[in-house]
Amino acid sequence: MAPPNFRAYSIILILLFVNSGSAHNYQEALSKAILFFEGQRSGFLPQDQRQNWRANSGLGDGWTYNVDLTGGYYDAGDNIKFGFPMAFTTTMLSWSVIEFGDMMPPNEHRNALVAIRWATDYLLKTVSQPNRIFVQVGDPISDHNCWERPEDMDTSRTVYAVDAPNPASDVAGETAAALAAASMAFRSSDPGYSDTLLRNAAKAFQFADTYRGAYSDNADVRSGVCPYYCDFDGYQDELLWGAAWLRRATQDENFLNYIQSNGKTLGAEDNINEFGWDNKHAGLNVLVSKEVLDGNVMSLESYKTSAESFLCTLIPETSSSHIEYTPGGLIYRPGGSNLQHATSIAFLELVYANYLSRTSQTINCGNIYVNAQTLRQHAKKQVDYILGDNPMRMSYMVGYSNKYPQHIHHRGSSLPSIKDHPQFIACKEGSIYFNSSNPNPNVLVGAIVGGPGEDDVYEDDRADFRKSEPTTYINAPFVGILAYFVANPNP
C-alpha cells in the first residue's frame with residue numbers, strides 16, 4: 001500500500017489531468033470556427049477577406065442558364081457548390097446565432113452574420129426564378145479528377161436545376177429552413193434583408209410541398225449529386241423541417257397546423273437517432289419541442305417525446321443508451337466525416353438544455369432523470385475531445401493549439417496560394433502537391449476535419465478524405481456550441 005502522501009500526490013495529478021480539459025480557449029476556437037468559412041468562399045472576395053491566401057473563383061457560375069450563380073460556399077475540400085449541404089450549413093449557422101448569438105462577443109456575432117449572409121445571398125439566387133431551383137454548380141466527376149485550386153478551375157461548371165413539376169422537396173425544404181432561420185438571425189440588424197429572406201423561404205417551401213419527391217430521383221441531376229449528396233433518407237423530413245422553421249420565424253398558425261397534421265404521414269417519428277445534412281429528424285424534434293416546453297402547445301407533444309427519446313440514447317448511464325463511442329469518449333458513427341455527428345448532436349444537447357432550464361424540467365430516461373446540466377456536460381466532453389482532450393492529444397481544429405492536422409484533404413489549402421505562385425496550375429499538375437508529404441502551405445484556420453476512427457487513431461493523411469477532409473456542416477453547429485462555452489466554460 002502506498003504511503004498517504006504518495007496517494008495524495010497521485011490524486012492531485014489525476015485532478016490536474018481531469019481539470020486540464022477545462023483550460024480550452026473557447027473564444028479563440030469560436031473566432032477560428034467562424035473564420036474557416038472565409039476559406040470556403042466562392043465568388044468575388046471582399047477587401048476584408050481574412051483567409052488571404054484565397055482569391056476570386058467561380059466568377060462565371062450560372063452563365064449556361066444566363067443567371068448569376070456566383071458566391072456561396074464550397075462544401076469541403078473540392079470546388080463544387082452542392083446546394084443541399086450548403087443550405088443545411090446555413091440553417092445551422094443561423095440556429096447557432098438564434099440560440100447563442102447573445103453569448104458571442106459582439107465582433108464574432110457580426111462575423112457569424114457575415115458568414116450566414118455569404119450563403120443566403122447565394123441561396124436567394126437559387127430560388128430567383130419561378131418554379132425552378134438551382135441545386136448545384138460544378139460537375140463532380142471532372143472536379144474530382146483534378147487536384148486544382150478554385151482560382152484555377154477549368155473543369156466543367158455544369159449547373160444542375162430542377163424545374164416544376166419535377167420534385168426537389170429535400171433541397172427546397174432545406175433552403176426554406178435556411179432562409180427562414182436566417183431571417184430570424186438578421187431581424188434586429190437588417191429588417192429589410194430579413195423580410196426578403198422570409199418571403200423567399202415561403203416561396204421555396206411552396207415549391208418543396210407542391211412537387212413532392214427527392215431531387216436525386218431526377219435523372220437530370222442524379223449523375224451530378226450522387227453518390228455525394230443523394231437524398232438517402234427521403235424528402236419527408238425536410239418538408240417538416242422547412243415548415244417548423246417557417247412556424248418559428250412567422251408564428252403563423254398555418255405552419256403550426258402543417259407540422260401537427262403531417263407529422264405522422266411524413267414520418268416525424270422515424271429515424272430519430274440521427275441529425276445531419278440528410279436526416280433532420282432529431283433536430284426537427286428538438287426545434288419543435290420548444291413550442292411544448294415554452295408555449296405549452298400540447299398538440300406537438302409527440303415531437304417532444306421523440307426528442308427526449310433521442311437524448312436518452314446519448315447518455316451512457318441510461319437504460320436506452322445505444323450510441324457508439326470511441327474508447328476516448330467521442331460519439332462515433334461509421335461512414336466518414338465522423339465529427340459531423342459529434343458537433344450536430346452536441347449542438348442539439350445544448351439547445352434542449354436551454355429549453356429545459358427555462359422551465360426547470362428534466363427528462364425521464366427510464367432508470368434515471370436527465371437534467372440540463374447533464375446534457376451540457378455531455379456536450380462539453382465532445383467539444384473538449386475535438387479541441388485536444390483525446391488519446392492523440394491533438395486538436396482536430398486546424399490552427400488551434402500546438403498540434404493539429406497538417407495534411408488536410410483540401411485543394412486550396414494544399415496547393416501553393418495564387419498569391420505566392422501566380423502561374424496557372426493545371427488539372428493534373430496539382431497531383432505532386434496532393435502526393436507530397438509536406439504540410440499544407442496554406443493554413444485553413446478553423447477547419448474541423450472528419451476526425452479519428454473508432455479506435456481514436458488519426459494518421460494525418462491527405463489521401464484519407466474520410467478523416468482528413470473538413471466540411472462546412474461539421475463547423476456550422478460548432479459555432480453555436482463554442483458561443484455557449486465562451487459564456488459558460490464550466491457548466
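- For Asn166, the side-chain contact (heavy atoms from CB on, under 4.5 Å) test picks out Val162, Asn218, with sequence neighbours left out.
- Applying the side-chain contact (heavy atoms from CB on, under 4.5 Å) test to Pro46 and every residue at least two apart in sequence or in another chain returns Arg41, Asp48, Gln49, Trp118.
- Shown here are the salt bridge (Lys or Arg N to Asp or Glu O under 4.0 Å) partners of Lys467, two or more places apart in sequence or in another chain: Glu459.
- The two residues Ala342 and Ile386 make their nearest non-hydrogen contact at CB-CD1, 4.3 Å.
- Annotation: salt bridge (Lys or Arg N to Asp or Glu O under 4.0 Å) contacts of Glu291 (sequence neighbours excluded): Arg247.
- In this model, no donor atom of one side chain and acceptor atom of the other lie less than 3.5 Å apart for Asp139 and Thr158.
- Evaluation of the side-chain contact (heavy atoms from CB on, under 4.5 Å) rule for Thr89 yields Phe37, Leu93, Thr472, Tyr473, Ala476 as partners, not counting sequence neighbours.
- With no hydrogens or angles considered, a side-chain donor-acceptor pair links Arg462 and Asn440 at under 3.5 Å.
- Within 6.0 Å of OH in Tyr65 there are more than 12 heavy atoms belonging to other residues, nucleotides or ligands.
- Listed by chain and residue number, Arg248, Asp294, Tyr355, Arg358 satisfy the side-chain contact (heavy atoms from CB on, under 4.5 Å) test with Lys290 (two or more places apart in sequence, or in another chain).
- Taking both residues in full, the closest heavy atoms of Asp456 and Tyr396 are given as O-OH, 4.2 Å, listed atom of the first, atom of the second, then distance.
- Residues Arg212 and Ser169 share a closest heavy-atom pair of CA-OG, 3.1 Å.
- One finds the OG atom of Ser302 at 5.5 Å from the NZ atom of Lys264 (value rounded to the nearest 0.5 Å).
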